[in-house]
There are 2 protein chains.
Amino acid sequence: MIKNSVYKGSLSTIVMKLLNDNGQMYGYQITREVEEITAGKLKITEGALYPVLHKLEAQGLLNVNMEKVNNRPRKYYFLTEKGKKETVSLLSDMRSFIQNMEVLLNPGISNG
Amino acid sequence: MIKNSVYKGSLSTIVMKLLNDNGQMYGYQITREVEEITAGKLKITEGALYPVLHKLEAQGLLNVNMEKVNNRPRKYYFLTEKGKKETVSLLSDMRSFIQNMEVLLNPGISNG
DNA sequence: AAAACATACCTAAGAATCTTATGTATGTTT
DNA sequence: AAACATACATAAGATTCTTAGGTATGTTTT
C-alpha cells in the first residue's frame, strides 16, 4: 500500500474503519475509495489488500457476502460483532499513535 | 518498537527527528527519551533500535562518535548532511500520512 | 558480598506486513 | 483488435519488528 512507506501496519485499521462506516464493501471498491478519499495520496495495492481481507475473515472479524454483478463475482465484506469491537480498539490505538507522533514531532508545544 | 503495533515503519523517522533536535544521542538514551516524551506509551525495543541505527549509518545518514563514560562505551549518533535532508523528507511523509489518516478516520469533517 | 537492577552495547530466529510481479476472467472503450 | 477497467487471486522476496537471548560494567539492595 501507499507509496513511501512510513506506514506499515495500518492497512487493517483502514479497511475495518471503512467497513464500519459503509456497512459492506468489496476489495476493488476499497482500493478506489481510499484513493478518492485521500485525493490519490494513499494507494492500496491489491497484493496487500486481498491477503489482509482473507486474514481478517480467518480471524472472525469479517464475513463475506458473495454476489454476481455484470456476470462478475463480487465479494462483499462486512464486520462481525467481534470485528466491530476490534475496530473500536484499533481506532483507539491509531489515535494514540498519532498523538504520540504529534508529541514527538512537535516537542515543546502543548499537544492536547 | 511500541507495544500495540498499528505502526511499523516509523522508527527511522522517530530516531532521525530526535537526532535532529538533540544534536547527538546514543542508543540507550533514545529508548529512555521516547519513553519519557510519550509518558511510557511508546517503547522502543533495543532489538529494533540497534539494527536501525546500523542501517542508517550504512546508508550514510548517520555518523558515530565513540566515547567512554564511566568505563562503559557509548556510541553517539548524529545526522550527516545527507541525513538532515532525508529527515526533512521523512517528516514531510509522516505529516502527510497523519493527515491522510485524519481524513480516513474522520470522514465528512473538514480536515485542514 | 551476593543478588538484583540499571546502563550500554549487540545479534539472530522468526513473525508480520508490504512490494512487485504475475495470473485469470469478464466487460467496456478506443 | 487492442487497450483499459473491473474483480478476483497468489507467490517470491524485501523490510520491519518481536522475542529471546548474549556480553560487560556500575550501582543499589538485601
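Keep in mind that what you see is a predicted model, and the values were worked out from it rather than measured. Just so it is clear: chains get the letters A, B, ... in the order the sequence lines come, proteins before strands, and each one is counted from 1.
To the nearest angstrom, P of C:dC18 lies 9 Å from CD1 of A:Ile44. Rounded to a whole Å, the CE atom of A:Met25 is 14 Å from the P atom of D:dT6. A straight line from NZ of B:Lys68 to P of D:dA24 spans 13 Å, rounded to a whole angstrom.
With the nearest nucleotide of DNA chain D identified for both B:Asn71 and A:Leu53, A:Leu53 has the one nearer the 5' end.
In this structure, B:Gln29 contributes its side chain and B:Tyr26 its backbone to a donor-acceptor pair below 3.5 Å. B:Ser92 places no side-chain N or O within 3.5 Å of a backbone atom of B:Val88 that could act as its donor or acceptor partner. A distance-only check finds a donor-acceptor pair linking the side chain of A:Asn22 to the backbone of A:Leu18 [under 3.5 Å].
Atom NZ of B:Lys75 is separated from atom CG of B:Asn65 by 11.5 Å, given to the nearest 0.5 angstrom. Going from atom OG of A:Ser10 over to atom CE of A:Met94 covers 5.0 Å, rounded to the nearest 0.5 Å.
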Pair A:Lys84, A:Thr80 - check side chain to side chain contact (heavy atoms under 4.5 Å, CB included), show working. CA-CA 6 Å; A:Lys84 288 178 188 173; A:Thr80 61; over 6 Å; no

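Judged by a 6.0 Å distance limit and a 45° cone about the ring axis, B:Arg95 is not positioned over the six-membered ring of B:Phe97. Cation-pi check for A:Arg74 over A:Tyr76 is not met; the charged atom does not lie both under 6.0 angstrom from the ring centroid and within 45 degrees of its normal.
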Just the atom pairs and distances: protein N or O near nucleotides 6-9 of chain C's N or O, under 3.5 Å.
| from | atom 1 | to | atom 2 | distance (Å) |
| --- | --- | --- | --- | --- |
| C:dT7 | OP2 | B:Tyr28 | OH | 2.4 |
| C:dT7 | O5' | B:Tyr28 | OH | 3.2 |
| C:dT7 | O2 | B:Arg72 | NE | 3.2 |
| C:dA8 | OP1 | B:Arg74 | NE | 3.0 |
| C:dA8 | OP1 | B:Arg74 | NH2 | 2.7 |
| C:dA8 | OP2 | B:Tyr26 | OH | 2.7 |
| C:dC9 | OP1 | B:Lys75 | N | 3.0 |
| C:dC9 | OP2 | B:Gly27 | N | 3.3 |
| C:dC9 | OP2 | B:Tyr28 | N | 2.6 |
| C:dC9 | OP2 | B:Tyr50 | OH | 3.0 |
| C:dC9 | O5' | B:Tyr50 | OH | 3.4 |
| C:dC9 | N4 | B:Glu46 | OE1 | 2.8 |

Review item, nucleotides 13-15 of chain D N/O atoms under 3.5 Å of protein N/O:
| from | atom 1 | to | atom 2 | distance (Å) |
| --- | --- | --- | --- | --- |
| D:dT15 | O2 | A:Lys8 | NZ | 3.0 |

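Look at C:dG27: its Watson-Crick or wobble partner, with both distances under 3.5 angstrom, is D:dC4.
The A:Val52 side chain lies nearest to C:dC18 when the options are D:dG26, C:dC18, C:dG27.
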